[in-house]
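Written out below as structure tokens is the structure these notes cover.
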4 protein chains.
Amino acid sequence: MDRPKLKIPSMVKDPVLIEKRRRQIVDAAVELFIHKGFHRTTTREIAKASGFSIGTLYEYIESKEDVLYLVVEAIHGEVERRLREALCDSKSGIEMLKEAIRHFFKVMDEMQDSVLLMYQETKSLPPTHLPYVLRKEEEITGIFEEILRRGIADGTIRLDESQVKLMAHNIMVMGEMWTFRRWALRKHYTLEQYTERQIALLLNEMASESSKEPIRKE
Amino acid sequence: MDRPKLKIPSMVKDPVLIEKRRRQIVDAAVELFIHKGFHRTTTREIAKASGFSIGTLYEYIESKEDVLYLVVEAIHGEVERRLREALCDSKSGIEMLKEAIRHFFKVMDEMQDSVLLMYQETKSLPPTHLPYVLRKEEEITGIFEEILRRGIADGTIRLDESQVKLMAHNIMVMGEMWTFRRWALRKHYTLEQYTERQIALLLNEMASESSKEPIRKE
Amino acid sequence: MDRPKLKIPSMVKDPVLIEKRRRQIVDAAVELFIHKGFHRTTTREIAKASGFSIGTLYEYIESKEDVLYLVVEAIHGEVERRLREALCDSKSGIEMLKEAIRHFFKVMDEMQDSVLLMYQETKSLPPTHLPYVLRKEEEITGIFEEILRRGIADGTIRLDESQVKLMAHNIMVMGEMWTFRRWALRKHYTLEQYTERQIALLLNEMASESSKEPIRKE
Amino acid sequence: MDRPKLKIPSMVKDPVLIEKRRRQIVDAAVELFIHKGFHRTTTREIAKASGFSIGTLYEYIESKEDVLYLVVEAIHGEVERRLREALCDSKSGIEMLKEAIRHFFKVMDEMQDSVLLMYQETKSLPPTHLPYVLRKEEEITGIFEEILRRGIADGTIRLDESQVKLMAHNIMVMGEMWTFRRWALRKHYTLEQYTERQIALLLNEMASESSKEPIRKE
DNA sequence: TATGAATGAGCGTTCATTCAT
DNA sequence: CATGAATGAACGCTCATTCAT
């Protein structure tokens with residue numbers, strides 16, 4: 001599986017130092033971008049919050065937009081890491097799917113500010129960088145595709161192959177909409193309610209008769 | 001039904017002229033924002049594309065952000081208008097819902113650039129203006145809520161009241177995701193495929209047995 | 001005595017109307033200039049406060065600076081008028097001088113905002129207009145010169161002719177400093193105290209022995 | 001003696017450099033403000049005349065008004081420095097006072113453009129900055145108060161304590177009026193004539209009999 | 001006479017980026 | 001490697017003035 005990460009050039013040679021400094025940059029920038037937005041945050045602020053000078057900042061990036069890319073990549077990375085963490089072993093495909101969705105929604109909830117940030121600022125990425133971000137998004141979506149296929153294979157999920165991609169995207173968007181529609185959803189539903197109802201909606205159609213279980217009541 | 005539109009102040013008195021000029025501004029700005037984004041578009045560009053001078057532009061708005069608000073409001077307005085157009089008479093609730101969804105998704109498709117723009121730039125709105133936009137979004141969502149309740153009332157839709165809001169939001173987001181996920185969805189689905197499958201997903205659970213019909217095959 | 005008032009051109013022919021409109025302009029502008037200063041006041045504000053449109057304003061003046069001239073001229077005019085009012089009859093030169101000073105200081109106090117305005121904004125006058133204002137200032141100063149000479153003539157004031165001008169300017173400045181140093185003087189002196197002490201200072205030297213009177217104690 | 005100077009923030013850290021650059025700014029701005037006035041001078045002109053770019057200018061100030069404050073402060077500072085220079089030792093209070101006045105008037109004459117500038121533009125200072133300027137003006141006035149009190153103490157000056165402040169302000173204003181009334185005074189008096197006559201006027205009343213000396217004749 | 005919409009030169013200020021030290 | 005002073009293009013916005021109606 002090829003995942004060609006975009007290689008942001010740096011004036012500095014030592015890769016360990018690069019790693020360390022960029023983590024500082026990302027940590028500082030995430031905070032700033034969440035509170036002020038990408039455009040209203042200045043490079044000086046990023047440098048200062050990172051703990052070094054503006055000159056040093058530019059030793060590790062080539063442009064302000066690189067910082068945005070680094071940030072988006074980091075958030076994406078964390079989402080993926082956390083999602084994969086909770087995957088491993090589960091027995092049947094459908095069980096795995098439900099657990100994955102629950103976990104994913106929980107991650108979305110816990111990382112809501114970051115996820116929202118990513119959602120809103122991705123468009124400010126330079127056209128060169130954007131494809132890498134979309135690729136990553138597809139990759140994460142791919143996780144759900146795989147689970148769906150696993151369920152199809154083991155007979156616990158009834159779904160036409162042509163619909164696998166769509167269903168995976170639906171799951172992704174339903175997770176993300178918990179962040180970008182929180183202004184409305186939070187007023188009426190808790191995360192748990194939201195999660196179970198969406199699962200019910202998604203699985204109703206595709207759960208094989210045998211695997212159907214009563215929906216939890218809240 | 002009170003829908004308090006935000007009143008953007010103008011130096012010009014004649015309301016007809018204001019209407020006319022603001023339409024020019026919106027038309028010009030939508031195009032520019034779609035292609036360059038809000039932040040990368042300058043007020044001078046907006047003025048020029050509107051067909052008058054920068055001074056005249058500022059006779060009809062107070063700040064660049066006002067233009068964004070005007071744009072978002074116009075897009076929202078058109079979405080709502082077009083959606084309501086296709087509503088009126090339909091017989092049963094479920095029929096009405098299906099038609100509304102189909103029409104809504106079609107509008108989203110036709111207005112995809114504008115809708116995407118609205119989605120991405122809403123966050124650049126001044127905090128004062130934002131609530132009016134969210135209110136409008138809720139209002140449009142409310143259209144689907146009403147249809148759902150109508151179906152519940154006439155027995156063609158089986159859905160708990162507590163889920164009405166969620167379902168309406170799901171419909172909205174599914175329409176909008178056709179624009180903001182087009183980079184992925186377009187590769188695998190036509191609008192028609194996308195529409196019918198999402199309808200199937202949404203209705204499967206709530207369609208009363210009696211009203212169930214075979215899903216169209218593409 | 002020639003006092004060539006600057007003739008501000010107007011597009012309007014009727015002199016009565018000009019007079020009327022310009023009075024409106026001056027009244028509005030004085031208020032605005034006092035509170036916001038000349039530079040921070042816009043022509044639109046002047047027009048609005050005058051009770052007519054910006055177009056009409058420009059029918060009666062040629063530039064914003066004309067308004068300033070009109071204002072300064074009006075203030076100067078009122079100062080002179082009020083000063084001359086209290087002059088007429090008095091018996092001896094020295095008595096007349098004292099009364100004139102008292103009255104002048106009182107006028108300065110009552111018109112302090114206007115006088116201060118005039119003091120601070122005169123420099124914003126176009127070079128063409130300035131001489132007319134300075135001429136007027138000299139004219140008012142001339143009133144005190146005349147009184148001084150009257151006192152010299154009737155023997156109640158002992159003063160060399162070469163010092164007449166200086167003394168007159170001193171009186172003028174002492175009156176005006178009550179406005180432009182009010183931030184300091186008001187903390188320590190009432191207008192009455194200030195007046196009597198300055199009179200004492202001024203007259204001590206020049207009052208003939210015979211006309212000397214004990215200074216009022218406060 | 002606390003004289004809390006207003007601390008204008010700077011983006012640059014090195015205080016020596018700040019000092020140096022601000023001196024450049026003040027030198028350039030004084031010249032420009034004298035010839036064009038504060039409002040008609042642009043920040044770009046200030047930057048250019050200072051010898052650096054507009055960006056650099058804003059590294060050392062926060063707003064154009066800061067430049068005005070820096071200018072006024074510098075002029076005030078020089079006036080005070082020059083005045084204090086000529087003070088030190090003199091024998092009697094009255095002698096000291098006369099020397100101080102002569103020196104002060106000379107400084108006013110030599111710095112007439114700057115002093116006039118300060119007089120005319122002080123009102124353009126932001127309300128935050130103004131008090132610092134007035135404080136400074138009072139401080140300089142205080143120099144004369146001290147000399148007056150010294151003369152009272154050593155018996156060479158006869159003056160009620162209640163009049164000390166007024167007399168000090170009179171001296172200040174008489175010095176300053178040489179600049180802002182130069183259009184009239186210069187026509188009739190040389191600086192020396194002006195100085196001696198004003199000294200005569202001021203001292204006539206308060207010089208003790210013993211210390212009276214014949215006024216110089218010009 | 002009176003109106004007020006239109007104009008656009010010009011302003012103060014910002015901030016991503018560079019580069020000499 | 002790190003620093004931070006210097007740069008200047010670019011921006012949003014203002015407002016005195018004009019002129020067609």
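Below, chain A is the first sequence line, B the second, and so on; all start at residue 1.
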Open item on the list: For the CD atom of B:Glu137 and the CE atom of B:Met118, what is their distance to the nearest 0.5 Å?
Closed with: 5.5 Å

Open item on the list: Can you build the contact string for nucleotides 8-15 of chain F? Use B for base contact, S for sugar-phosphate-only contact, and - for no protein heavy atom under 4.0 Å.
Closed with: BBBSBBBB

Open item on the list: I'd like to know if D:Glu59 pairs up with D:Arg21 as an ion pair, taking the criterion as any Lys NZ or Arg NE/NH1/NH2 lying under 4.0 Å from an Asp or Glu carboxylate oxygen.
Closed with: no

- [ ] Mind listing the closest non-hydrogen atom pair of B:Val30 and B:Ser114 along with its distance?
- [x] CG1-OG, 4.1 Å

- [ ] Under a 3.5 Å limit for both distances, which nucleotide forms a Watson-Crick or G-U wobble pair with E:dT14, could you say?
- [x] F:dA9

TODO: Identify whether NZ of Lys or CZ of Arg in B:Lys7 sits under 6.0 Å from the centre of the six-membered ring of B:Tyr132 and within 45° of that ring's axis.
DONE: no

TODO: Check the side chains of C:Asp113 and C:His35 for a donor-acceptor pair under 3.5 angstrom, ignoring hydrogens and angles.
DONE: no

TODO: For the pair A:Ser10 (side chain) and A:Val12 (backbone), establish whether a donor and an acceptor sit closer than 3.5 Å, ignoring hydrogens and angles.
DONE: yes

Open item on the list: Checking B:Val72 against B:Glu121 for the side chain to side chain contact (heavy atoms under 4.5 Å, CB included) test, could you report, in this order, the C-alpha distance in whole Å, the side-chain angles of both residues, the deciding distance, and whether it holds?
Closed with: CA-CA 9 Å; B:Val72 170; B:Glu121 303 292 8; 5.8 Å; no

TODO: Tell me which of C:Arg21 and B:Lys13 sits closer to the 5' end of DNA chain E, going by the nucleotide each one is nearest to.
DONE: C:Arg21

Open item on the list: For a quick check of understanding: with a heavy-atom distance under 4.0 Å over all strands, which category does C:Met11 fall into, base, sugar-phosphate or nothing?
Closed with: nothing

Open item on the list: Please check this pair: side chain of A:Lys64 against backbone of A:Phe38, looking for a donor-acceptor N/O pair closer than 3.5 Å.
Closed with: yes

- [ ] Please find the earliest and latest nucleotides of DNA chain E, in the 5' to 3' direction, that have an atom within less than 4.0 Å of any heavy atom of chain B.
- [x] E:dG4 to E:dG10

TODO: Return the nucleotide paired to E:dA20: Watson-Crick means purine N1 to pyrimidine N3 with N6-O4 or O6-N4, wobble means G-U with N1-O2 and O6-N3, both under 3.5 Å.
DONE: F:dT3

